Chemist: 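Could you have a look at this structure, given as structure tokens, before my questions?
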Number of protein chains: 2
Amino acid sequence: MPKIVDHAVRREEIAEALWRVVRRDGIRAASVRTVAAEAGWSAGAVRYYFPDQDGLLSFAMDLVSRRVTERVSGIEPKGSAIAIALRYLEEALPLDAERRAEFDVWMAFMAQAQAETGAGSLHEHVDTVHDGLRRLCESLLNSLADDGALKNGLDLRREAERLHALIDGLALHAAIQPERSTATRIRQILRHHLETLIA
Amino acid sequence: MPKIVDHAVRREEIAEALWRVVRRDGIRAASVRTVAAEAGWSAGAVRYYFPDQDGLLSFAMDLVSRRVTERVSGIEPKGSAIAIALRYLEEALPLDAERRAEFDVWMAFMAQAQAETGAGSLHEHVDTVHDGLRRLCESLLNSLADDGALKNGLDLRREAERLHALIDGLALHAAIQPERSTATRIRQILRHHLETLIA
DNA sequence: ACGAGACTAACACAGCTGTGCTAAAAAGGA
DNA sequence: TCCTTTTTAGCACAGCTGTGTTAGTCTCGT
């Protein structure tokens with residue numbers, strides 16, 4: 001019987017090599033050969049797992065979103081409702097080196113996805129992540145509302161969208177100007193925003 | 001004497017062709033030859049104006065920011081302070097097809113700039129635009145404060161950063177999900193945010 | 001008309017691109 | 001040991017890449 005290699009693990013390994021290339025040299029540099037070199041294999045090896053590079057790109061993009069959702073679903077919701085909300089929302093922000101790298105890659109994918117706008121394209125991954133974060137914002141605000149923690153008369157739908165936009169904006173700022181938009185600064189602003197919603 | 005062609009105009013013409021390529025097929029497709037074809041000239045013609053493609057990319061990115069600042073500085077600040085603020089901030093948002101295209105291109109440049117992080121790189125353009133928008137947010141809030149329109153006890157520095165992040169987040173949403181995040185929806189949220197700051 | 005200056009097109013070159021294909025190596029149950 | 005299956009490395013090919021160079025064309029003040 002043949003050598004057993006966990007197909008899924010190898011594919012993730014290769015996708016992570018792609019991430020490193022994208023982050024170091026941009027998506028323009030992410031060819032089959034450069035990714036193979038980064039992963040430490042021959043180009044043929046990479047192509048065994050990914051017959052064409054579109055599939056590799058799509059898988060690598062999907063892996064980002066899976067990693068994020070893994071991390072988010074690993075959070076234990078304990079503490080006050082507002083503490084829980086902060087904990088969840090922070091996880092979506094690139095506040096440490098690892099997540100900053102992840103976000104850089106995600107940004108490159110998003111930009112590419114804006115071009116390939118057809119069906120079955122990268123843009124579906126964008127929509128998935130985008131909708132996921134929006135729903136997270138909605139459910140966190142609903143939890144706060146159920147606890148009676150929120151101000152009266154808030155339009156929750158609108159507040160969810162506003163919070164969602166703020167999160168994405170803060171993420172962008174943390175990524176492109178990490179010296180100015182430090183982790184503590186970002187947390188301050190996020191906490192402050194939630195406090196304006198609280199009774 | 002030779003044929004007189006406005007050098008600057010031609011360069012902008014070529015840069016706009018690059019924009020169209022980036023928007024249609026992504027930054028990976030923006031080669032000297034594809035841009036030349038899009039512009040309707042030979043590759044040699046493009047290279048007459050841009051000796052190397054790094055210069056072309058950098059110019060095209062800079063042109064985006066110049067166009068934005070042109071539009072912003074063309075605004076006449078009339079009406080109430082809050083109307084002025086809304087008018088300015090809306091101009092930074094991709095609420096119509098033209099500005100959506102512009103934003104897509106800008107996003108591709110930002111992603112690429114995250115990779116080339118050295119001095120003299122694309123990232124300087126990102127910082128310029130980013131700082132410009134932040135200062136705009138600051139000055140708009142300051143104007144509102146001078147009019148006595150704002151609530152008491154606001155930390156203007158923090159509010160400026162929060163507003164800035166919200167703007168960037170809304171811009172992203174308008175770009176990647178224009179069906180959901182329509183122009184009117186975006187305006188609503190922005191207006192609502194400003195109203196929460198007003199006494 | 002002329003010719004200097006501004007502009008254009010075309011080719012050359014080495015190197016990279018994605019993809020198809022083939023031969024070999026590795027691995028472990030029989 | 002052998003043999004099937006999985007995995008790997010390598011080559012080939014046509015086409016694209018950035019850049020250098022060169023020969024040509026156009027334009028317009030004199």
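Every value quoted in this text rests on a predicted model; they were computed, and no experiment measured them. Residue numbering restarts at 1 for every chain, and letters A, B, ... go by the order of the sequence lines.
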Chemist: Nearest of D/dA9, C/dA9, C/dG18 to any side-chain atom of A/Gln53?
Modeler: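 Among D/dA9, C/dA9, C/dG18, the one nearest the side chain of A/Gln53 is C/dG18.
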
Chemist: Quick check on DNA chain D: between A/Ala45 and B/Ala29, whose nearest nucleotide comes earlier from the 5' end?
Modeler: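 The answer here is A/Ala45.
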
Chemist: For C/dT8, take OP1 and OP2 only and decide whether either is under 4.0 Å from a side-chain N or O of B/Arg10.
Modeler: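 For C/dT8, OP1 or OP2 has a side-chain N or O of B/Arg10 closer than 4.0 Å.
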
Chemist: Step by step, work out the side chain to side chain donor-acceptor pair (under 3.5 Å) result for B/His164 and B/Glu138.
Modeler: CA-CA 9 Å; B/His164 183 190; B/Glu138 285 170 357; over 6 Å; no

Chemist: Applying salt bridge (Lys or Arg N to Asp or Glu O under 4.0 Å) to B/Arg99 and B/Glu102, what does each step give before you reach the verdict?
Modeler: CA-CA 5 Å; B/Arg99 283 175 296 171; B/Glu102 203 174 71; over 6 Å; no

Chemist: Taking only the side-chain heavy atoms of B/Ser31 (C-beta and beyond), determine which of D/dG18, C/dG18, D/dT8 contains the nearest atom.
Modeler: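 Looking only at side-chain atoms, B/Ser31 lies closest to D/dG18.
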
Chemist: A/Phe50 CZ to D/dT7 C1': how many Å, rounded?
Modeler: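 Distance check: A/Phe50 CZ to D/dT7 C1' gives 15 Å.
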
Chemist: Rounded to the nearest angstrom, tell me the gap between atom CZ in B/Arg28 and atom C1' in D/dG18.
Modeler: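 It is 17 Å, rounded to the nearest whole Å.
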
Chemist: Would you tell me if any nitrogen or oxygen in the side chain of B/Tyr48 comes within less than 4.0 Å of OP1 or OP2 on C/dC7?
Modeler: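 Answer is yes, contact under 4.0 Å.
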
Chemist: In terms of the angle between their ring planes, are A/His130 and B/His173 parallel, tilted or perpendicular, with boundaries placed at 30° and 60°?
Modeler: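 Answer is perpendicular, since the angle exceeds 60°.
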
Chemist: Between C/dG18 atom C1' and A/Leu57 atom CG, what is the distance in whole Å?
Modeler: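 Interatomic distance, CG of A/Leu57 to C1' of C/dG18: 13 Å.
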
Chemist: I'd like to know if A/Arg47 reaches the base of C/dG20 with its side chain, counting only an N/O donor and acceptor under 3.5 Å.
Modeler: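 Yes, a donor-acceptor pair under 3.5 Å.
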
Chemist: The side chain of B/His7 lies closest to which of these nucleotides: D/dG18, C/dC7, C/dT19?
Modeler: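 From the listed options, C/dC7 comes nearest.
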
Chemist: Tell me what B/Ser42 touches on the nucleic acid: a base, only sugar-phosphate, or nothing, going by heavy atoms under 4.0 Å.
Modeler: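 Base contact.
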
Chemist: Using the side-chain heavy atoms of A/Arg33, tell me which of these nucleotides is nearest: D/dT17, D/dA9, C/dT19.
Modeler: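 Within the option list, the nearest is C/dT19.
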
Chemist: Just N and O in the side chain of A/Tyr49: are any of them under 4.0 Å from OP1 or OP2 of D/dT7?
Modeler: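 Answer no for this pair, as no side-chain N or O of A/Tyr49 is under 4.0 Å from OP1 or OP2.
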
Chemist: Without decimals, in angstroms, what is the distance between B/Asp52 CG and D/dT19 P?
Modeler: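 Computing the B/Asp52:CG to D/dT19:P distance gives 5 Å.
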
Chemist: Examine distances only and state if a side-chain atom of A/Ser121 and a backbone atom of A/Glu116 form a donor-acceptor pair shorter than 3.5 Å.
Modeler: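 Yes, A/Ser121 side chain to A/Glu116 backbone: donor-acceptor pair under 3.5 Å.
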
Chemist: Any Lys/Arg nitrogen of A/Glu76 or A/Arg87 sitting under 4.0 Å from an Asp/Glu carboxylate oxygen of the other?
Modeler: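 Answer for the salt bridge query: no.
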
Chemist: What is the distance from CG of A/Asp25 to P of C/dT17, rounded to the nearest Å?
Modeler: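 To the nearest whole Å, that distance equals 11 Å.
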
